[in-house]
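Each ligand, and each atom within it, is numbered from 1 in the order the structure gives.
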Amino acid sequence: SFRYFCKMAFYNGWILTLAVLVIPLCALRGRSVENMKIIRFMLHHVKYLYGIHIEVRGLEHFNLPEPYVVVSNHQSSLDLLGMMEVLPDRCVPIAKKELMYMGTVGLACWLGGIIFINRKKTDDAIGVMSETAQTMLRDNVRVWVFPEGTRNHNGSMLPFKRGAFHLAVQAQVPVIPIVMSSYRDFYSKKERRFTTGRCLIQVLTPMPTRGLGPEAVPALTESVRQTMLEAFDRLSGELSPGQEPRTPQ
Ligand SMILES: CCCCC/C=C\C/C=C\CCCCCCCC(=O)SCCNC(=O)CCNC(=O)[C@H](O)C(C)(C)COP(=O)(O)OP(=O)(O)OC[C@H]1O[C@@H](n2cnc3c(N)ncnc32)[C@H](O)[C@@H]1OP(=O)(O)O
Ligand SMILES: CCCCCCCC/C=C\CCCCCCCC(=O)OC[C@@H](O)COP(=O)(O)O
């Protein structure tokens, strides 16, 4: 437990400290999606500090000229490491508004053009997402969404919220699912365990939305979730073949 808390405290503290360095660099440009390149570069080494080996597959799927919506599973704040391993250029995450108030991290996120939503006010959140659809097309910006809407430490995936899929359909851009394998071999919040380990990241085939309307969103959401669950089980099983598969959901 002591090692777990120390490691998590250092993780948060180190990111807060890095943000102090990043802020002046990003401030030179002002709030801009281009600043995500600086943030990505500055966070890239953190996986080495923790001995986490990340293997990425399917990165070529990100090589589309048009904007797209990336949807990813969300296990922990450690997802930041995987995200910074693969984050495409001109891609910004959608984050809960509370992140903006996390001191230096919040300011760095704001300068990086991260889009903040108020999860307690659905209409506000939907309004921001609709504006985002226009921004994506106007400024050629890609967006990264965690459709579970919160972190999920239970070794599977929560039901998906539909915002990301509405966004893709409104902008008529593809959805690109990305799956990070289970962290169970090296990280468990419940067991207070955090060791070195391996993580596989798979970028899946883009799912087109051209021609789809809002009525197609529920089916699109479910189909993407099923594809991601299958990939999650496959990747996690590859890392620890003896483990029981997750409970079906
Ligand atoms: C080197 C130093 C660096 C320093 C900086 C360090 C780090 C920074 C770098 C990167 C940081 C990135 C980290 C970011 C991670 C943050 C992750 C998060 O914060 S996750 C939480 C926030 N994200 C989400 O919640 C996204 C998913 N949520 C949704 O999509 C939701 O649907 C919602 C839009 C938020 C609304 O949610 P709510 O619970 O209020 O309502 P419902 O989901 O039930 O939806 C109600 C209803 O509305 C329909 N709907 C949803 N969206 C839309 C839309 N855009 N247009 C139209 N309709 C919409 C939805 O379908 C429901 O209707 P129905 O039930 O009929 O389907
Ligand atoms: C002056 C204020 C000081 C505040 C100190 C804050 C300390 C935290 C510092 C750094 C944190 C670095 C990690 C940030 C990126 C992680 C983003 C994240 O994972 O957000 C969680 C969000 O997806 C869902 O939230 P919930 O699971 O619903 O909850």
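At least one heavy atom of Q170 sits closer than 4.0 Å to an atom of ligand 1. Ligand 1 has no atom lying under 4.0 Å from any heavy atom of R151. Using a non-hydrogen distance threshold of 4.0 Å, S130 does not register as a contact of ligand 1. Residue E148 places every heavy atom at 4.0 Å or more from ligand 1. Using a 4.0 Å heavy-atom cutoff, E98 is absent from the residues neighbouring ligand 2.
Near C109, meaning under 4.0 Å from one of its heavy atoms, ligand 1 places the atoms 8 (C). For ligand 1, the atoms closer than 4.0 angstrom to any heavy atom of I117 are 23 (N), 24 (C), 25 (O), 35 (C). Close contacts between ligand 1 and M84 involve ligand atoms 9 (C), 10 (C) [criterion: under 4.0 Å to a heavy atom]. Interface atoms of ligand 2 facing L16, defined by a heavy-atom separation under 4.0 Å, are 7 (C), 9 (C). Atoms of ligand 1 lying under 4.0 Å from at least one heavy atom of L18, given by number and element, are 1 (C), 2 (C). Atoms of ligand 1 lying under 4.0 Å from any heavy atom of T122, numbered from 1 in the order shown and given with element: 38 (P), 40 (O), 41 (O), 46 (C). Residue I15 has at least one heavy-atom neighbour below 4.0 Å for each of these atoms of ligand 1: 6 (C). Numbered from 1 in the order shown, with element, the atoms of ligand 1 that lie under 4.0 Å from a heavy atom of K96 read 18 (C), 19 (O), 22 (C). Per-residue contacts place A19 under 4.0 angstrom from the following atoms of ligand 1 (heavy atoms of the residue considered): 2 (C), 4 (C). Within ligand 2, counting atoms from 1 as listed, the ones closer than 4.0 Å to a heavy atom of S77 are 16 (C), 19 (O).
When H153, K96, H74 are checked for heavy-atom proximity to atom 25 (O) of ligand 2, K96 turns out nearest. Of the listed residues (V105, T17, L43, L18), the one carrying the non-hydrogen atom nearest atom 10 (C) of ligand 2 is V105.
In this structure, the protein non-hydrogen atom closest to atom 48 (O) of ligand 1 is I126 CD1, 3.2 Å. Protein heavy atom nearest atom 27 (C) of ligand 1, with residue, atom name and distance: F146 O, 3.5 Å. The protein heavy-atom contact nearest to atom 14 (C) of ligand 1 is A95 CB, 3.9 Å. Protein heavy atom in closest approach to atom 39 (O) of ligand 1: K161 NZ, 2.7 Å. If you check which protein heavy atom lies closest to atom 60 (C) of ligand 1, you get H166 NE2, 4.0 Å. Scanning the protein for heavy atoms near atom 7 (C) of ligand 1, the closest one is L80 CD2, 3.9 Å. Of the protein's heavy atoms, G149 CA, 3.6 Å lies nearest to atom 25 (O) of ligand 1. Ranking protein heavy atoms by distance to atom 12 (C) of ligand 1, first place goes to P93 CG, 3.7 Å.
Side chain of R142 to backbone of R90: no donor-acceptor contact under 3.5 angstrom is found.
For ligand 2, none of its N or O atoms has an N or O atom of Y101 under 3.5 Å away. For ligand 2, none of its N or O atoms has an N or O atom of N12 under 3.5 Å away. On a distance-only criterion, R119 and ligand 2 share at least one N/O pair closer than 3.5 Å. Looking at ligand 1, you won't find any N or O of I114 less than 3.5 Å from one of its N or O atoms. In terms of N/O distances under 3.5 Å, ligand 2 is approached by R151. In terms of polar-atom proximity, R162 is counted as a contact of ligand 1, with an N or O under 3.5 Å from an N or O of the ligand.
At a heavy-atom cutoff of 4.0 Å, ligand 1 is contacted by no atom of K121, backbone or side chain.
A salt bridge links E98 and K120; the closest N-O separation between the charged side-chain nitrogens and carboxylate oxygens is under 4.0 Å. At a threshold of 4.0 Å, the pair K161-E148 does not count as salt-bridged, since none of the basic side-chain nitrogens sits closer than that to a carboxylate oxygen. Comment: R198 engages E55 in a salt bridge, judged by a side-chain N to carboxylate O separation of less than 4.0 angstrom. Electrostatic pairing of E85 and R57 does not count as a salt bridge here, judged by no charged N lying under 4.0 Å from a carboxylate O.
In this structure, K7 satisfies the cation-pi test against F194, with its NZ or CZ atom closer than 6.0 Å to the six-membered ring centre and inside 45 degrees of the ring normal.
Counting only heavy atoms, the protein never gets under 4.0 Å from atom 62 (C) of ligand 1.
When M180, M157, R151 are each tested for a side-chain contact (heavy atoms from CB on, under 4.5 Å) with H74, only one passes: R151.
By the 30° and 60° cut-offs, the orientation of the rings of Y68 relative to F62 is parallel.
Counting heavy-atom neighbours within 6.0 Å of R29 CZ, excluding the residue itself, gives a total above 12.
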